2 protein chains.
Amino acid sequence: MLSFCGQDRCSVDANGRLKLSPKVVADFTGKCGGQVVMHCLPEGAIAIYPEEIYLEMRRQETLPAAKAANSMVFRRSMRRFGAMSSPESISNQGRVTLPQAFREYAAVNPGSEVFVVGVEIGIEIWNTERWAEEIDRMNEHAREKGEREMAADLLPGDNISNN
Amino acid sequence: MLSFCGQDRCSVDANGRLKLSPKVVADFTGKCGGQVVMHCLPEGAIAIYPEEIYLEMRRQETLPAAKAANSMVFRRSMRRFGAMSSPESISNQGRVTLPQAFREYAAVNPGSEVFVVGVEIGIEIWNTERWAEEIDRMNEHAREKGEREMAADLLPGDNISNN
DNA sequence: CATAATATTCCATTATAATCCATTTTAGTC
DNA sequence: GACTAAAATGGATTATAATGGAATATTATG
């Protein structure tokens, strides 16, 4: 039934809390009973996933202790996911509290307007200007990829796969 | 269920003690009854692991006596883990005392603010400035890796996996 | 134009964190 | 061996921050 779609403009209150739209709240309560995980992305936004989605993301790591003892790269990976993730719950009134460190990281200030963006498996909270830049970046990438695909279609021998 | 996550800003008291957040204390008491091992990392921070996690880290070392007799590299490894680790316990009020030598190593001074960082298998205590640098380092690495992945997505032949 | 629903702001209550104080233990010196 | 001094540990109190709820206002739909 098409969960976690669309874009909403929302405001963060003075205490760093965000009121989610009834549609988004319904998507979360249906999937995980309101238990979610917030995660800071390298792209500079805060992702919010149902808990089970996040656990699936991290399930790949086996024997973490042994690897951590010997590898700085592995420790950095654990540190990144540990420090940049936090379990939270959606309140009865459909609000979530964004941890202070995450707000600073994502430039989501109390009292500011943000974009709540559906990403099919969850949502992302974006600073308004960063979201505009990200749209440009996504479109530019897709356009460039399309141009290359068109150019490749001109070459002989490729015609079977392309309609 | 998603232990040792997030970042907390905490202050070290005049006696070098640190009050842990109730969430972190609960994670430790659930895992090991409050018996922990402190360990100085090469990154310049103090890690605190449940005792069983630390034992798992060191379990790989088989026949240590025989290897120690013949290898300076191995002796150095044993020496590092020995000197840089110390068993401690979390007090009834959720406080831990950081050994003096560890405090100096990690630049965690009595009366200063530190970051308590979740790393999924335990926590790390970071000097504030060092933690800011470490975040920059992790983000720069993730950003560079992402850029290379995006560039690779433009190349022909990759299209199957990336839809 | 009116009514209903959703959103935002403000206030009150609860919980958490930090500082300060007291008691106990250990070490050193006489 | 005993006494004194210093340091540390445990506990309690006060202050600040956060969370939850309620009320009012605005927007949308009928």
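Everything quoted here is computed from the prediction, not taken from an experiment. Because only heavy atoms are used, hydrogens play no part in the values below, and waters and symmetry mates are left out as well, while side chains stay in.
Applying the salt bridge (charged side-chain N to carboxylate O under 4.0 Å, His left out) rule to pairs touching residues 11-20 of chain B yields B:Asp13-B:Arg17, sequence neighbours excluded. The side chain to side chain donor-acceptor pair (under 3.5 Å) contacts involving residues 45-55 of chain A comprise A:Tyr54-A:Ser85, where partners must be two or more places apart or lie in separate chains. Within the structure, no pair that satisfies the salt bridge (charged side-chain N to carboxylate O under 4.0 Å, His left out) test touches residues 78-90 of chain B, not counting sequence neighbours. The salt bridge (charged side-chain N to carboxylate O under 4.0 Å, His left out) pairs that include a residue from residues 95-113 of chain A are A:Arg9-A:Glu113, where partners are two or more places apart or lie in different chains.
In this structure, B:Arg75 and B:Ala69 approach most closely via the heavy-atom pair NH1-O, 3.9 Å. In this structure, B:Thr97 and B:Met38 approach most closely via the heavy-atom pair O-CE, 3.5 Å. Residues B:Cys5 and A:Pro87 come closest through the heavy atom pair CB-CD, 3.9 Å. Closest approach of A:Gly122 and A:Pro50 over heavy atoms only: CA-CD, 4.4 Å.
With axes fitted over five pairs at each extremity, the angle between the ends of the helix from C:dC1-D:dG30 to C:dC30-D:dG1 is 20° (10° resolution).
At a non-hydrogen distance threshold of 4.0 Å, nothing from residues 123-132 of chain A comes into contact with DNA chain D. Residues from residues 20-28 of chain B lying near DNA chain D, meaning a heavy-atom separation below 4.0 Å, are absent.
Here B:Phe102 pairs with nothing under the ring pair (Phe, Tyr, Trp, His ring centres under 6.0 Å) rule; sequence neighbours left out.
If you measure from atom CZ of A:Arg9 to atom P of C:dT8, you get 12 Å, rounded to the nearest angstrom. What separates NZ of A:Lys19 from P of D:dT19 is a distance of 17 Å, to the nearest Å.
Hydrophobic cluster of B:Leu63: no remaining members, since no ILVMFWY side chain lies below 4.5 Å from it.
A side-chain N or O of A:Trp131 and one of A:Gln7 form a donor-acceptor pair less than 3.5 Å apart.
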Seminar exercise, completed: Protein-proximity profile, nucleotides 6-16 of chain D, B/S/- by nucleotide at the 4.0 Å heavy-atom cutoff, equals ---BBB-----
Seminar exercise, completed: Per-nucleotide protein contact along nucleotides 24-30 of chain D, 5' to 3', at a 4.0 Å heavy-atom cut-off (B base, S sugar-phosphate only, - neither), is -------
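A salt bridge links A:Glu144 with A:Arg148: the distance from a Lys NZ or Arg NE/NH1/NH2 to an Asp or Glu carboxylate oxygen falls below 4.0 Å. Of the charged side-chain nitrogens involved, at least one lies within less than 4.0 Å of a carboxylate oxygen, so that A:Arg137 and A:Glu133 count as a salt-bridged pair. B:Glu134 and A:Arg76 are joined by a salt bridge, as a carboxylate oxygen and a charged side-chain nitrogen come within less than 4.0 angstrom of each other.
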Distance-only criterion, 3.5 Å: show the donor-acceptor pairs between side-chain atoms of residues 23-31 of chain B and protein atoms not counting sequence neighbours.
unit_1	atom_1	unit_2	atom_2	d
B:Lys23	NZ	B:Asp27	OD2	3.1
B:Asp27	OD2	B:Phe4	N	2.9
B:Thr29	OG1	B:Val25	O	3.0
B:Thr29	OG1	B:Ala26	O	3.1

